[in-house]
Amino acid sequence: MNFLRVKNMQRKAAENVVKRYISDMKLSLQLGTRIMTAVRRAGKFQKQRLHGSELAPLKSLPVAIKKQLYEEVFSPIIEQHPLFGQLRARDANLHRAICHIIKEESLASGE
């Protein structure tokens with residue numbers, strides 16, 4: 001949680017610097033708003049997804065809960081391929097196992 005708090009504080013500090021610049025330079029309200037909107041949008045695109053491997057409490061979860069977590073995280077991604085959509089409908093346990101394997105492989109490769 002501290003990681004998120006620090007990132008949020010950094011984002012707010014950066015926005016405050018931009019706001020101060022807008023104020024110091026006496027920019028118009030219209031331009032100031034456009035600048036702040038662009039800064040916020042750019043920040044959203046620069047945000048990186050938080051990975052489960054970065055969250056220490058998730059490492060201690062029981063395997064059954066981890067499998068369910070991985071299924072909910074990876075299902076929307078792999079089901080974009082028709083084969084995996086059909087697989088889930090036919091064999092939910094195999095689908096869950098594949099999601100778990102994907103997660104284990106991504107951890108092994110350092111992603």
Side chain to side chain donor-acceptor pair (under 3.5 Å) involving Q86 - partner list, sequence neighbours excluded: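 Counting only residues at least two positions away or on another chain, Q86 forms no side chain to side chain donor-acceptor pair (under 3.5 Å).
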Holding to side chain to side chain contact (heavy atoms under 4.5 Å, CB included), I want the full list of residues that pass it with [X], two or more places apart in sequence or in another chain.
X   : answer
V18 : I22, I35, M36, V39
S23 : none
L94 : L87, D91, I98
N16 : K19

Could I get the full list of salt bridge (Lys or Arg N to Asp or Glu O under 4.0 Å) partners for E15, not counting sequence neighbours?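 With sequence neighbours excluded, E15 shows a salt bridge (Lys or Arg N to Asp or Glu O under 4.0 Å) to R11, R40, given in chain and number order.
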Qualifying residues under salt bridge (Lys or Arg N to Asp or Glu O under 4.0 Å), relative to R20, sequence neighbours excluded: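 In terms of salt bridge (Lys or Arg N to Asp or Glu O under 4.0 Å), with neighbours along the sequence ignored, R20 is linked to D24.
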Just how far is it from atom CD of Q80 to atom OG of S75, taken to the nearest 0.5 Å?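 It comes to 11.5 Å.
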Locate the shortest heavy-atom distance separating I78 from F84; write the atom from each residue and the value.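 Reported closest heavy-atom pair: O-CB, 3.3 Å.
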